[in-house]
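Reckoned from all heavy atoms, side chains included, excluding hydrogens, waters and symmetry mates.
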Amino acid sequence: MSVPDSRSGGRRTVHVPVMLREVLQSLSLQPGLWVVDGTVGAGGHSQRILPMIQPGGHLIGLDRDATMLARAEQVVSGENVTLKQTSYSELDAVLDELNHPQVDRVLLDLGLSSDQLADDERGFGFQTEAPLDMRFDARQGESVQELLRRISVEDLTQLLQDFGDESQARRLAEAILWQRDQRQMNTASDLRTCIESVLGSRHKGSHPGTRIFQALRIAVNRELEHLEHFLDDVLPRRLSVGGVAAIITFHSIEDRMVKQAFRDASRWEMLTRKPLVPSPSEVRLNPRCRSAKLRVVRRNP
Ligand SMILES: C[S@@+](CC[C@H](N)C(=O)[O-])C[C@H]1O[C@@H](n2cnc3c(N)ncnc32)[C@H](O)[C@@H]1O
């Protein structure tokens, strides 16, 4: 559970920004730059970026989750800041509205914030009794509960294999849908119990629910589609020549997509030949960052 906090009018942020030092160094920030933080979250990275681009700079913070934007607003605000509830893949519309065609730096820190995970009403965390929702933007798309209501065992098996890397995907899919048919698949806790009954409660040092919940979250939020559109179509047009983009991923499919997109030498100069990863001491302090990979490129002329 997160802790109520009068300063934020809600709950205190528990999220710790990942690879903060590496991100700030990679972005080579200086006064006057326009920076997009496409996954602003609680503003952990942005609150350090904003002072480094003043005077004259502008920070655009985007997030699909209104709750996260409200948190970001507590730490980054003012006339040099634009915060908007939208996907980073909709950056075209944001820049058109600001009448500013290109930006100098882009940061994406993909996936889920610890604040969302700790939210006991959204179903992201398998430790909660919340309804199985997991949408970043509750105004769009279907919840995990709705997905599970209509999905076939074949499609669920495929989803668990592709996004969850689950070797027992068929068995797990059958168990989940059996429980659904008994009308007993409504909450995060129902799903966790089902996962544990098939896979046990520990696998290679972590709970298998971590991967399975992540797979369902990626599916309902169409996370790979947003990333693909951004990498192929939006970023190459909206980042200025000489501009720098830094992307942190937490899933092997996402990292592969970023790596492949950044291989295009006609567009990008790779600034990280191998991805940067968190230091052992960062992983010790914040174990959730252990799968993070940071790739950085500069836009070629
Ligand atoms: C790992 S958190 C970012 C944390 C942030 N860097 C910080 O330090 O506070 C990822 C955030 O991205 C948001 N998100 C996920 N997909 C998104 C998308 N397509 N567009 C915008 N935000 C997205 C999530 O709602 C979440 O708040």
Side-chain angles (χ1 to χ4, degrees), residues 1-24 26-27 35-52 59-77 81 83-88 106-128 130 133-138 188 206-207 209-211 213-214 217-218 221 223 226-227 246-251 254 276-294:
M1 251 182 57
S2 48
V3 188
D5 178 6
S6 57
R7 281 174 314 161
S8 65
R11 288 164 191 276
R12 183 180 300 150
T13 288
V14 292
H15 186 83
V16 178
V18 169
M19 301 183 74
L20 182 58
R21 188 173 48 85
E22 293 85 345
V23 165
L24 296 176
S26 310
L27 289 176
V35 178
V36 173
D37 183 346
T39 52
V40 69
H45 291 101
S46 274
Q47 68 180 316
R48 294 292 301 278
I49 291 171
L50 184 59
M52 295 171 81
L59 175 80
I60 300 172
L62 311 177
D63 205 292
R64 291 173 77 187
D65 186 337
T67 320
M68 296 313 299
L69 274 181
R71 289 176 184 276
E73 221 169 11
Q74 304 295 316
V75 294
V76 284
S77 57
V81 177
L83 294 176
K84 200 163 173 69
Q85 186 186 7
T86 189
S87 170
Y88 58 76
V106 168
L107 169 65
L108 296 185
D109 174 18
L110 294 170
L112 185 72
S113 156
S114 306
D115 296 322
Q116 291 163 318
L117 198 62
D119 188 326
D120 43 21
E121 290 167 10
R122 311 272 301 274
F124 288 113
F126 54 85
Q127 315 283 16
T128 73
D133 190 324
M134 296 198 217
R135 281 170 298 172
F136 289 135
D137 184 346
S206 64
H207 193 287
T210 309
R211 275 180 301 111
F213 273 64
Q214 184 186 42
R217 192 204 78 217
I218 287 175
N221 290 296
E223 292 177 42
H226 286 258
L227 182 60
I247 304 188
I248 302 175
T249 61
F250 293 85
H251 193 286
E254 288 174 343
L276 303 180
V277 295
S279 65
S281 59
E282 180 172 357
V283 175
R284 228 175 6 256
L285 289 170
N286 180 17
R288 280 204 60 234
C289 78
R290 63 187 176 273
S291 50
K293 290 198 164 80
L294 168 64

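A salt bridge does not link D137 to R135: none of the charged nitrogens lies less than 4.0 Å from a carboxylate oxygen.
Here the straight-line distance linking atom OG1 of T86 with atom CD1 of I60 works out to 11.5 Å at 0.5 Å rounding. Considering CG of L227 and OG1 of T249, their distance stands at 8.5 Å, rounded to 0.5 Å. Here the straight-line distance linking atom OG of S291 with atom CD1 of I248 works out to 11.0 Å at 0.5 Å rounding. A distance of 4.5 Å separates CZ in R71 from OG1 in T13, rounded to the nearest 0.5 Å. Separating the NE2 atom in H251 from the CD1 atom in I218 is a distance of 4.0 Å, to the nearest 0.5 Å. Put simply, OG on S26 and CZ on R21 are 10.0 Å apart, with the number rounded to the nearest 0.5 Å.
With a 4.5 Å cut-off on side-chain heavy atoms, N221 and R64 count as touching. When side chains are defined from C-beta on, M68 does not count as touching F136, because their heavy atoms never get closer than 4.5 Å. In this structure, the side chains of D133 and R122 stay at 4.5 Å or more apart for every pair of heavy atoms. R290 has its side chain within reach of S206: a pair of non-hydrogen atoms, C-beta onward, lies under 4.5 Å apart.
Contact detail for L62 and L69: the closest heavy-atom pair is C-CD2, 4.5 Å. Across L117 and F124, no two heavy atoms sit closer than the pair CD1-O, 3.7 Å. Shortest non-hydrogen contact noted between P278 and V283 is CB-CG2, 3.9 Å. Nearest approach of L294 to E22, heavy atoms of both residues: CD2-CB, 3.8 Å. In this structure, L83 and A72 approach most closely via the heavy-atom pair CD1-C, 4.2 Å. Considering every non-hydrogen atom in both A188 and G125, the closest pair reads CB-O, 3.5 Å.
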**OP:** Output, in order, the C-alpha distance, side-chain angles, deciding distance and verdict of salt bridge (Lys or Arg N to Asp or Glu O under 4.0 Å) for K293 and E254.
**Re:** CA-CA 10 Å; K293 290 198 164 80; E254 288 174 343; over 6 Å; no

**OP:** Apply side chain to side chain contact (heavy atoms under 4.5 Å, CB included) to L285 and V16, showing your working.
**Re:** CA-CA 10 Å; L285 289 170; V16 178; over 6 Å; no

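Listed for the E282 side chain is a donor-acceptor partner under 3.5 Å among the backbone atoms of M19. In terms of modelled atom types and a separation under 3.5 Å, the side chain of D115 and the main chain of H15 share a donor-acceptor contact. At least one donor-acceptor pair under 3.5 Å links the side chain of D65 to the backbone N or O of T67.
Heavy atoms from other residues, nucleotides or ligands lying under 6.0 Å from CZ of R288 number more than 12.
Residues satisfying the ring pair (Phe, Tyr, Trp, His ring centres under 6.0 Å) test with F126, not counting sequence neighbours, are H207, F213.
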Counting only pairs under 3.5 Å, give me each side-chain donor-acceptor contact of residues 37-45, with atom names and distances, residues two or more places apart or in other chains.
| from | atom 1 | to | atom 2 | distance (Å) |
| --- | --- | --- | --- | --- |
| D37 | OD1 | T39 | N | 3.3 |
| D37 | OD2 | S46 | OG | 2.8 |
| T39 | OG1 | D109 | N | 2.7 |
| T39 | OG1 | D109 | O | 3.1 |
| H45 | NE2 | V18 | O | 2.8 |

